[in-house]
Amino acid sequence: MTADITTINPANEEQIATYTYMSDAEAEASVAACHEAYMSWRDRSVEARAEVVKAIGKGLRDNKEEFAQLMTREVGKLIGDSRQEIDLCAAICDFTANNGPSELAEIERDIDGGTGVIAYAPVGVIYGIQPWNFPCYQAVRYAIANLMAGNGVLLKHAANCTGSGLFLRDVMERSGLPEHLFSVLVIEHDQSDDIISNRLVRGVTLTGSDVAGRHVAEKAAGALKKSVMELGSNDAYMVLDDADLDLAVKTCVAGRLYNNGQTCVNAKRFIITEKNYDAFVDAFTAQMGAVELGDPTADATKLGPMSQVKLRDALHKQVEESVAKGARAVVGGKVPNRKGAWYPATVLVDVAPGQPAYDDELFGPVASVIKAKDDEDAMRIANDSRYGLGGGIFSRDTKRARELAVKYFDTGMISINRYNVALPNMPFGGVKDSGYGREHGGFGMKEFVNIKSVYLAA
């Protein structure tokens, strides 16, 4: 085992802080402490839990600037995006606090000879394995729902945002959450499997790649523990024959570059009907090419660094392989000669099956543009992916676009004439290799509960 984690600012490669990995015994003790905290927390009424969750939202707002600056240092997020992330997390707390008591309330049903009661009971400690691209949100998304449900929560955060995980824990505890109920495990990957198998852990949730998802899901299934998987994606945004091109281009640029292009639900594949293809490519390329790399702490910057040099290099390798197999980079596609994890806004055309730009997730500011014959062909291409997390449709006929989204688009979340990341009151999750389970919208509160049936005699 390596002794330490050292976090690195991806904009300048300067060291931020160093953290020591837990020993196996320390990690096991943290699980036990979380379970002990849960044993008391589960006895609180949902209304009492809601008050604490509401206070956590206020705590996030009170610490917004400090937290945002930390996230930007750790992972290179634009400072404006970091601030918006804290706002979103606080809104999740508000929604959960306001709706948790009703979502988790007992339900009565008439049954033969009496009354049936459906109750949602907490199950225990839930283990979350989370990535770096949203250091606060990824943790809040599952943690707040499970705390509202009465569970305890463990977090294994990505190493490069360790400071953000610990900062969130401190905000929660200062806001009134009992100590150890939300515990951060500073552990390595090989220790993580032991946490999954720990008898006190009752559920596992992961956000990450489909490769990581398969491993964790297999370990959880082997221990007969429920899991929720929010995995990668290659979200398709279709520009149909009747689309508003100006709106489509502007929105697709924003959707591709949001969070420096490192979001599971970034717009990634742009499927353009033949009627609109040339005009879209010209305008899209011009707007992407005009986006300059800049200091992520500056409010005016539109594109910052990627989170790590190694991930930038992996993305560039995917671009090079796609070009070698027939794609063309009409803008970008070159590694800048500067220190840090920088990569320019890039547009690939002539994208076809067999290229990483078509088949795989490109997690960075690289757009894959694909020509379709017509609207029907665009939907075929959109669904021609092993992923199914998000996607979008641009069409002036919103009634038809809604029907296409509901009936035919094989993905979990669809934006029509807009780009969207996440909303507290709408479910979040996907299908196929993008995983299973849902968060937000009240659904996340019920993923890890014991749904009890109680039969009362008349």
Side-chain angles (χ1 to χ4, degrees), residues 7 9 16-17 19 34 37 40-41 44-101 128 130-155 157-158 160-186 259 296-299 301 304 421-425 428 439-440 444-445:
T7 51
N9 186 327
I16 302 170
Y19 306 89
C34 185
S40 298
W41 179 250
R44 294 201 193 187
S45 68
V46 288
E47 291 79 13
R49 292 180 218 146
E51 288 300 313
V52 176
V53 168
K54 188 83 169 180
I56 292 171
K58 181 179 185 302
L60 287 169
R61 292 186 177 98
D62 290 345
N63 291 273
K64 175 178 172 178
E65 189 61 25
E66 185 179 358
F67 204 168
Q69 293 288 345
L70 173 60
M71 291 194 296
T72 292
R73 287 196 304 275
E74 286 192 320
V75 301
K77 295 174 70 76
L78 299 184
I79 187 61
D81 289 348
S82 292
R83 292 171 183 142
Q84 289 175 10
E85 181 174 337
I86 301 301
D87 289 338
L88 172 59
C89 291
I92 290 169
C93 292
D94 291 347
F95 174 86
T96 305
N98 293 336
N99 294 276
Q130 300 300 319
W132 45 263
N133 55 336
F134 289 86
C136 182
Y137 167 70
Q138 299 287 15
V140 161
R141 185 169 69 192
Y142 82 96
I144 290 299
N146 279 291
L147 292 171
M148 185 69 244
N151 294 321
V153 176
L154 301 171
L155 167 66
H157 222 329
N160 58 331
C161 60
T162 298
S164 291
L166 296 170
F167 191 98
L168 176 61
R169 177 201 64 192
D170 293 346
V171 168
M172 286 186 172
E173 291 183 358
R174 289 198 301 268
S175 301
L177 193 73
E179 188 179 9
H180 304 303
L181 192 64
F182 176 80
S183 292
V184 178
L185 300 179
V186 183
N259 201 42
T297 66
D299 289 334
T301 298
V421 180
L423 294 172
N425 65 340
F428 188 103
E439 296 167 311
H440 295 328
M445 295 181 228

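Along the sequence shown, residues are numbered consecutively beginning with 1. Keep in mind that the numbers below use all heavy atoms, side chains included, and drop hydrogens, waters and symmetry copies.
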With the side chain counted from C-beta on, respond yes when V75 and P135 share a heavy-atom pair under 4.5 Å apart, and no when they do not. yes

When rounded to the nearest 0.5 angstrom, what distance separates CD1 in I86 from CG in N63? 9.0 Å

Kindly compute the distance separating CD (E65) from CG (L70), expressed to the nearest 0.5 Å. 11.5 Å

Note: A90 and G57 closest approach over all heavy atoms is CB-O, 3.7 Å

Just by modelled atom types, is the N133 backbone N or O under 3.5 Å from a matching donor or acceptor in the K77 side chain? yes

Below 4.5 Å, heavy atoms only, C-beta onward: do W41 and N151 meet side chain to side chain? no

From CA spacing to verdict: side-chain contact (heavy atoms from CB on, under 4.5 Å), V46, M148: CA-CA 7 Å; V46 288; M148 185 69 244; 4.0 Å; yes

Once rounded to the nearest 0.5 Å, what's the spacing between atom CG of N425 and atom CG of N98? 11.5 Å

Closest approach of L177 to L147 (non-hydrogen atoms, all atoms of both residues): CD2-CD1, 3.9 Å

Between D94 and K58, does at least one N-O distance fall below 4.0 Å, as a salt bridge requires? no

List the residues meeting side-chain hydrogen bond (donor to acceptor under 3.5 Å, both in side chains) with R169, not counting sequence neighbours, and say none if there are none. none

What pairs meet the ring-ring contact (aromatic ring centres under 6.0 Å, His included) rule with one or both residues in residues 73-98, with sequence neighbours excluded? none

Student check: side-chain heavy atoms of F428 and L423 closer than 4.5 Å: no

Side-chain donor-acceptor pair under 3.5 Å between E74 and N160, yes or no? no

Is there a side-chain contact between F134 and L88 in this structure, where contact means two heavy atoms from C-beta onward sitting under 4.5 Å apart? no

D170: what forms a salt bridge (Lys or Arg N to Asp or Glu O under 4.0 Å) with it, not counting sequence neighbours? none

Heavy atoms of P131 and A158 approach each other most closely as C-CB, 3.8 Å

How about D299 and R83: do any of their side-chain heavy atoms sit closer than 4.5 Å? yes

Over all atoms of both residues, closest heavy-atom pair of C136 and M71: N-SD, 3.6 Å

With no hydrogens and no angle check, is any side-chain donor or acceptor of T72 less than 3.5 Å from a backbone partner on Q69? no

Which atom pair, heavy atoms only, marks the closest approach of C93 to L60? SG-CD1, 4.2 Å

Should T7 and C161 be marked as a side-chain contact (heavy atoms from CB on, under 4.5 Å) after you check the CA-CA gap, both sets of side-chain angles, and the distance that decides it? CA-CA 7 Å; T7 51; C161 60; over 6 Å; no

Do side-chain atoms of S45 reach the backbone of A48 as a donor and acceptor pair under 3.5 angstrom? yes

Is the shortest side-chain N to carboxylate O distance from R174 to D62 below 4.0 Å? no

Could you pull out the closest heavy-atom pair between Y142 and A139, with the gap in Å? CD2-O, 3.3 Å

Could you tell me which residues satisfy side-chain hydrogen bond (donor to acceptor under 3.5 Å, both in side chains) with D87, sequence neighbours excluded, listed by chain and number? K64

Out of curiosity, C89 SG to Q84 CD, how far, rounded to the nearest 0.5 Å? 12.0 Å

Say you draw a straight line from NZ of K54 to OG1 of T96; how long is it, rounded to the nearest 0.5 Å? 10.5 Å

Got a sec, which residues hit ring-ring contact (aromatic ring centres under 6.0 Å, His included) with H440, two or more places apart in sequence or on another chain? Y137

Taking R49 for the side chain and A149 for the main chain, is one N or O donor matched with an acceptor at less than 3.5 Å? yes

Please step through side-chain contact (heavy atoms from CB on, under 4.5 Å) for the pair I144 and V153, ending with a clear verdict. CA-CA 9 Å; I144 290 299; V153 176; over 6 Å; no

Pairing residues for R141 by the salt bridge (Lys or Arg N to Asp or Glu O under 4.0 Å) criterion, not counting sequence neighbours: E230, E439

R44 side chain reached by E51 side chain, heavy atoms, under 4.5 Å: no

So do the side chains of F182 and L154 get within less than 4.5 Å of each other, counting heavy atoms only? no

To the nearest 0.5 Å, how far apart are OG in S82 and CZ in F67? 9.5 Å

Assess the residue pair T162 and H157 against the criterion (side-chain contact (heavy atoms from CB on, under 4.5 Å)); give the C-alpha distance rounded to whole Å, side-chain angles, the decisive distance to 0.1 Å, and a yes or no. CA-CA 6 Å; T162 298; H157 222 329; 5.9 Å; no

Is any side-chain heavy atom of N146 closer than 4.5 Å to one of M445? no

